[in-house]
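One structure is given here, and the rest of the page talks about it.
Every number for a ligand or one of its atoms is a count from 1 in the order of the listing.
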Amino acid sequence: MSKFVVAIDGGAGSGKSTTARGVAKRLNFFYLDTGAMYRAFTLKYLQNRHKSEDRINMELVERLLIDTTIELRQENGETRVYLDGDDVTLAIRTPEVSGFVSQVSAIPDVRVWMVAKQRGIAEGKNVVCEGRDIGTVVFPDAQVKIFMQADLKTRTERRLKELAEKKITTDTEEVAENLKFRDKYDSGRAHSPLKKADDAIVVDTTDLTIEQEIKLVRKIVEERFRSQTGG
Ligand code: DC
(Lines give C-alpha, C1' and ligand atoms only; values in the text may rest on other atoms or scores of the structure.)
Protein backbone atom coordinates (compact mmCIF):
# COMPACT_ATOMS: atom_id res chain seq x y z
CA MET A 1 0.00 0.00 0.00
CA SER A 2 1.07 3.58 -0.62
CA LYS A 3 1.44 5.73 2.44
CA PHE A 4 -0.11 9.05 1.46
CA VAL A 5 -1.39 9.76 -2.04
CA VAL A 6 -2.07 13.12 -3.60
CA ALA A 7 -3.98 12.58 -6.86
CA ILE A 8 -3.86 15.45 -9.35
CA ASP A 9 -5.95 15.19 -12.51
CA GLY A 10 -6.81 17.64 -15.24
CA GLY A 11 -6.63 18.44 -18.94
CA ALA A 12 -3.49 19.01 -21.00
CA GLY A 13 -1.60 22.12 -19.94
CA SER A 14 -3.80 22.78 -16.89
CA GLY A 15 -0.75 23.23 -14.65
CA LYS A 16 -0.81 19.69 -13.24
CA SER A 17 2.81 18.80 -13.93
CA THR A 18 4.33 22.00 -12.62
CA THR A 19 2.16 21.89 -9.52
CA ALA A 20 2.63 18.18 -8.87
CA ARG A 21 6.40 18.48 -9.30
CA GLY A 22 6.58 21.56 -7.07
CA VAL A 23 4.42 20.09 -4.30
CA ALA A 24 6.30 16.77 -4.37
CA LYS A 25 9.63 18.56 -4.09
CA ARG A 26 8.59 20.74 -1.15
CA LEU A 27 7.01 17.88 0.77
CA ASN A 28 9.67 15.36 -0.21
CA PHE A 29 7.09 13.03 -1.80
CA PHE A 30 7.74 10.87 -4.88
CA TYR A 31 6.54 12.55 -8.09
CA LEU A 32 4.68 10.09 -10.30
CA ASP A 33 4.05 11.49 -13.79
CA THR A 34 1.71 8.99 -15.42
CA GLY A 35 1.44 11.01 -18.65
CA ALA A 36 5.18 10.45 -19.14
CA MET A 37 4.56 6.70 -18.98
CA TYR A 38 1.84 6.83 -21.66
CA ARG A 39 4.13 9.01 -23.75
CA ALA A 40 7.04 6.57 -23.40
CA PHE A 41 4.95 3.65 -24.57
CA THR A 42 3.61 5.76 -27.46
CA LEU A 43 7.19 6.55 -28.48
CA LYS A 44 7.98 2.85 -28.52
CA TYR A 45 4.91 2.15 -30.63
CA LEU A 46 5.89 4.88 -33.12
CA GLN A 47 9.42 3.50 -33.34
CA ASN A 48 8.12 0.02 -34.14
CA ARG A 49 5.10 0.55 -36.35
CA HIS A 50 5.10 0.54 -40.13
CA LYS A 51 4.87 4.16 -41.28
CA SER A 52 2.22 3.23 -43.86
CA GLU A 53 -0.26 2.07 -41.20
CA ASP A 54 -2.54 4.83 -40.08
CA ARG A 55 -4.75 2.64 -37.89
CA ILE A 56 -3.42 1.35 -34.59
CA ASN A 57 -1.93 -2.09 -35.01
CA MET A 58 -3.33 -3.93 -31.99
CA GLU A 59 -1.19 -6.98 -32.53
CA LEU A 60 1.91 -4.81 -32.33
CA VAL A 61 0.61 -3.05 -29.21
CA GLU A 62 0.06 -6.40 -27.45
CA ARG A 63 3.49 -7.65 -28.48
CA LEU A 64 5.22 -4.50 -27.25
CA LEU A 65 3.40 -4.53 -23.90
CA ILE A 66 4.92 -7.92 -23.09
CA ASP A 67 8.40 -6.60 -23.61
CA THR A 68 8.55 -3.03 -22.30
CA THR A 69 10.07 -1.49 -19.19
CA ILE A 70 9.34 2.08 -18.19
CA GLU A 71 11.06 3.63 -15.20
CA LEU A 72 10.79 7.04 -13.59
CA ARG A 73 14.08 7.84 -11.87
CA GLN A 74 14.64 10.83 -9.63
CA GLU A 75 18.08 12.14 -10.57
CA ASN A 76 19.54 15.39 -9.19
CA GLY A 77 16.13 16.56 -8.05
CA GLU A 78 14.38 15.92 -11.39
CA THR A 79 12.47 13.00 -12.84
CA ARG A 80 14.00 11.24 -15.83
CA VAL A 81 12.04 8.77 -17.92
CA TYR A 82 13.66 5.55 -19.09
CA LEU A 83 12.25 3.30 -21.80
CA ASP A 84 13.90 -0.12 -21.93
CA GLY A 85 16.92 1.40 -20.20
CA ASP A 86 17.26 4.43 -22.51
CA ASP A 87 16.71 7.99 -21.32
CA VAL A 88 13.71 9.30 -23.32
CA THR A 89 12.91 12.31 -21.11
CA LEU A 90 13.11 14.74 -24.02
CA ALA A 91 12.04 12.42 -26.85
CA ILE A 92 8.57 11.89 -25.32
CA ARG A 93 7.72 15.61 -25.58
CA THR A 94 7.84 15.99 -29.38
CA PRO A 95 4.73 17.04 -31.34
CA GLU A 96 4.75 13.59 -32.98
CA VAL A 97 4.33 11.83 -29.63
CA SER A 98 1.80 14.46 -28.44
CA GLY A 99 -0.18 13.90 -31.63
CA PHE A 100 -0.44 10.15 -31.10
CA VAL A 101 -0.51 9.60 -27.35
CA SER A 102 -4.28 9.96 -26.89
CA GLN A 103 -5.06 7.17 -29.34
CA VAL A 104 -2.58 4.81 -27.69
CA SER A 105 -3.81 5.76 -24.19
CA ALA A 106 -7.39 4.86 -25.10
CA ILE A 107 -6.51 1.17 -25.60
CA PRO A 108 -7.89 -0.78 -22.60
CA ASP A 109 -4.94 -3.21 -22.36
CA VAL A 110 -2.48 -0.32 -22.34
CA ARG A 111 -4.40 1.26 -19.46
CA VAL A 112 -4.56 -1.96 -17.44
CA TRP A 113 -0.78 -2.39 -17.89
CA MET A 114 -0.11 1.22 -16.86
CA VAL A 115 -2.34 1.19 -13.78
CA ALA A 116 -0.62 -1.95 -12.45
CA LYS A 117 2.81 -0.34 -12.97
CA GLN A 118 1.70 2.93 -11.40
CA ARG A 119 0.42 1.19 -8.27
CA GLY A 120 3.66 -0.79 -8.09
CA ILE A 121 5.78 2.36 -8.31
CA ALA A 122 3.75 4.04 -5.53
CA GLU A 123 3.98 1.04 -3.19
CA GLY A 124 5.23 2.06 0.26
CA LYS A 125 5.79 5.69 -0.72
CA ASN A 126 4.22 9.08 -0.14
CA VAL A 127 3.38 10.19 -3.69
CA VAL A 128 2.06 13.05 -5.72
CA CYS A 129 0.58 11.32 -8.75
CA GLU A 130 -0.71 13.24 -11.77
CA GLY A 131 -2.69 12.21 -14.83
CA ARG A 132 -6.27 11.87 -16.05
CA ASP A 133 -7.69 8.93 -14.09
CA ILE A 134 -5.72 9.08 -10.86
CA GLY A 135 -8.51 10.07 -8.46
CA THR A 136 -11.11 7.98 -10.27
CA VAL A 137 -9.28 4.73 -11.16
CA VAL A 138 -5.62 4.45 -10.15
CA PHE A 139 -5.97 5.69 -6.55
CA PRO A 140 -9.69 6.08 -5.78
CA ASP A 141 -8.82 6.13 -2.05
CA ALA A 142 -6.23 8.92 -2.37
CA GLN A 143 -6.10 11.11 0.72
CA VAL A 144 -6.17 14.28 -1.41
CA LYS A 145 -7.75 14.69 -4.86
CA ILE A 146 -7.27 17.81 -6.92
CA PHE A 147 -8.76 18.55 -10.33
CA MET A 148 -6.94 21.32 -12.20
CA GLN A 149 -8.26 23.45 -15.04
CA ALA A 150 -7.39 26.63 -16.95
CA ASP A 151 -8.66 28.36 -20.08
CA LEU A 152 -7.29 27.35 -23.50
CA LYS A 153 -5.35 30.55 -24.10
CA THR A 154 -3.45 30.21 -20.84
CA ARG A 155 -2.79 26.52 -21.43
CA THR A 156 -1.48 27.17 -24.94
CA GLU A 157 0.89 29.90 -23.73
CA ARG A 158 2.23 27.66 -20.98
CA ARG A 159 2.82 24.73 -23.33
CA LEU A 160 4.57 26.95 -25.90
CA LYS A 161 6.90 28.24 -23.20
CA GLU A 162 7.70 24.73 -21.96
CA LEU A 163 8.44 23.51 -25.49
CA ALA A 164 10.63 26.54 -26.25
CA GLU A 165 12.65 25.83 -23.10
CA LYS A 166 13.20 22.29 -24.40
CA LYS A 167 14.12 23.73 -27.83
CA ILE A 168 11.25 21.86 -29.50
CA THR A 169 9.90 23.85 -32.47
CA THR A 170 6.17 24.16 -33.02
CA ASP A 171 3.63 26.96 -33.47
CA THR A 172 0.74 28.43 -31.49
CA GLU A 173 -1.99 26.92 -33.62
CA GLU A 174 -0.50 23.42 -33.59
CA VAL A 175 -0.19 23.54 -29.79
CA ALA A 176 -3.74 24.86 -29.26
CA GLU A 177 -5.19 22.27 -31.65
CA ASN A 178 -3.31 19.46 -29.94
CA LEU A 179 -4.51 20.52 -26.48
CA LYS A 180 -8.12 20.69 -27.69
CA PHE A 181 -7.89 17.41 -29.55
CA ARG A 182 -6.36 15.54 -26.62
CA ASP A 183 -8.85 16.86 -24.07
CA LYS A 184 -11.74 15.86 -26.29
CA TYR A 185 -10.28 12.43 -26.99
CA ASP A 186 -9.17 11.83 -23.38
CA SER A 187 -12.58 12.86 -21.98
CA GLY A 188 -14.55 10.92 -24.56
CA ARG A 189 -12.89 7.51 -24.40
CA ALA A 190 -14.84 4.59 -22.98
CA HIS A 191 -12.12 3.29 -20.62
CA SER A 192 -11.23 5.53 -17.63
CA PRO A 193 -11.78 8.92 -19.30
CA LEU A 194 -10.46 12.24 -18.03
CA LYS A 195 -13.04 13.07 -15.38
CA LYS A 196 -13.20 14.91 -12.09
CA ALA A 197 -13.65 12.53 -9.15
CA ASP A 198 -16.77 13.41 -7.12
CA ASP A 199 -14.64 14.19 -4.08
CA ALA A 200 -11.92 16.19 -5.90
CA ILE A 201 -11.21 19.83 -5.12
CA VAL A 202 -11.29 21.97 -8.29
CA VAL A 203 -8.38 24.39 -8.71
CA ASP A 204 -8.62 26.85 -11.61
CA THR A 205 -5.14 28.06 -12.46
CA THR A 206 -6.03 30.57 -15.21
CA ASP A 207 -5.17 33.59 -13.10
CA LEU A 208 -2.60 32.01 -10.83
CA THR A 209 1.17 32.16 -11.07
CA ILE A 210 3.12 28.92 -10.71
CA GLU A 211 4.12 29.92 -7.18
CA GLN A 212 0.51 30.64 -6.25
CA GLU A 213 -0.82 27.33 -7.57
CA ILE A 214 1.90 25.33 -5.82
CA LYS A 215 1.26 27.20 -2.58
CA LEU A 216 -2.49 26.62 -2.78
CA VAL A 217 -2.22 22.89 -3.43
CA ARG A 218 0.58 22.47 -0.88
CA LYS A 219 -1.62 24.09 1.77
CA ILE A 220 -4.48 21.69 1.01
CA VAL A 221 -2.11 18.70 1.16
CA GLU A 222 -0.38 19.81 4.37
CA GLU A 223 -3.65 20.35 6.18
CA ARG A 224 -4.93 16.90 5.18
CA PHE A 225 -1.57 15.28 5.97
CA ARG A 226 -1.51 16.80 9.46
CA SER A 227 -5.06 15.78 10.24
CA GLN A 228 -4.39 12.19 9.10
CA THR A 229 -1.02 11.64 10.69
CA GLY A 230 -1.42 13.94 13.68
CA GLY A 231 1.95 15.39 12.69
O1 DC B 1 -0.01 14.60 -18.92
P2 DC B 1 0.41 14.51 -20.38
O3 DC B 1 -0.15 15.64 -21.20
O4 DC B 1 1.87 14.32 -20.54
O5 DC B 1 -0.30 13.16 -20.90
C6 DC B 1 -0.17 12.71 -22.21
C7 DC B 1 -1.35 11.86 -22.62
O8 DC B 1 -1.36 10.64 -21.90
C9 DC B 1 -2.74 12.47 -22.40
O10 DC B 1 -3.17 13.23 -23.51
C11 DC B 1 -3.61 11.25 -22.20
C12 DC B 1 -2.68 10.22 -21.63
N13 DC B 1 -2.84 10.00 -20.20
C14 DC B 1 -3.87 9.18 -19.80
O15 DC B 1 -4.64 8.73 -20.64
N16 DC B 1 -4.01 8.86 -18.49
C17 DC B 1 -3.18 9.36 -17.57
N18 DC B 1 -3.32 9.02 -16.29
C19 DC B 1 -2.14 10.23 -17.96
C20 DC B 1 -2.01 10.55 -19.30
- prompt: Side chains of T19 and R218: donor-acceptor distance under 3.5 Å anywhere?
  reply: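 No, no side-chain donor-acceptor contact under 3.5 Å.
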Checking the N or O distance criterion of under 3.5 Å, is ligand 1 in contact with [X]?
X	result
Y38	no
D33	no
R159	no
R189	yes

query: Is it true that the NZ or CZ of R49 lies under 6.0 Å from the centre of F100's six-membered ring and within 45 degrees of the ring axis?
result: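 Yes, R49 and F100 form such a contact.
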- prompt: Relative to F147, does K196 satisfy both conditions: NZ or CZ under 6.0 angstrom from the six-membered ring centre, and within 45 degrees of the ring's axis?
  reply: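 No, K196 does not lie over the aromatic ring of F147.
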field: Test side chain to side chain donor-acceptor pair (under 3.5 Å) applied to D133 and R111, Q118, K195, H191, the passing residue
entry: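 Testing each of R111, Q118, K195, H191 against D133, the sole residue satisfying side chain to side chain donor-acceptor pair (under 3.5 Å) is R111.
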What protein heavy atom sits nearest [atom], and how far away is it?
atom	result
atom 1 (O) of ligand 1	R132 NH1, 3.0 Å
atom 4 (O) of ligand 1	R39 NE, 2.7 Å
atom 18 (N) of ligand 1	D133 OD1, 2.8 Å
atom 12 (C) of ligand 1	S105 OG, 3.3 Å
atom 19 (C) of ligand 1	T34 OG1, 3.3 Å

query: Are any non-hydrogen side-chain atoms of D183 and L194 less than 4.5 angstrom apart?
result: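 Heavy-atom side-chain distance check passes, below 4.5 Å.
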query: Would you say the side chain of E162 lies within less than 4.5 Å of the side chain of I168, judging by non-hydrogen atoms?
result: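 Of all side-chain heavy-atom pairs linking E162 with I168, none is under 4.5 Å.
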At less than 4.0 angstrom from any non-hydrogen atom of [X], what atoms of ligand 1 do you find?
X	value
D186	9 (C), 10 (O), 11 (C)
K16	1 (O)
S102	10 (O)

message: I'd like to know if R93 pairs up with D33 as an ion pair, taking the criterion as any Lys NZ or Arg NE/NH1/NH2 lying under 4.0 Å from an Asp or Glu carboxylate oxygen.
response: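 A salt bridge is present here (some side-chain N lies under 4.0 Å from a carboxylate O).
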field: K184 and E177 ion-paired at < 4.0 Å
entry: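 Not counted as a salt bridge, because no side-chain N and carboxylate O are separated by less than 4.0 Å.
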Assess [X] for proximity to ligand 1: is some non-hydrogen atom of it under 4.0 Å away?
X	answer
R111	yes
R93	yes
M37	no

message: For R80, is there any backbone N or O sitting under 3.5 Å from a side-chain donor or acceptor partner on R73?
response: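 No, because the side chain of R73 does not come within donor-acceptor range (under 3.5 Å) of the backbone of R80.
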task: For ligand 1, indicate whether the residue M114 contacts it via side chain, backbone, both or neither (heavy-atom separation under 4.0 Å).
output: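 Contact part for M114 vs ligand 1: neither.
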- prompt: Looking only at heavy atoms, is any part of R182 under 4.0 Å from ligand 1, and if so is it the side chain, the backbone, or both, or is it neither?
  reply: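 The part of R182 near ligand 1 is the side chain, not the backbone.
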field: Steps toward side-chain hydrogen bond (donor to acceptor under 3.5 Å, both in side chains) verdict (R39, S98)
entry: CA-CA 8 Å; R39 285 172 178 274; S98 298; 3.2 Å; yes
- request: I would like to know whether T205 and R158 meet side-chain hydrogen bond (donor to acceptor under 3.5 Å, both in side chains); could you show each step before the answer?
  value: CA-CA 11 Å; T205 65; R158 285 183 189 152; 3.1 Å; yes
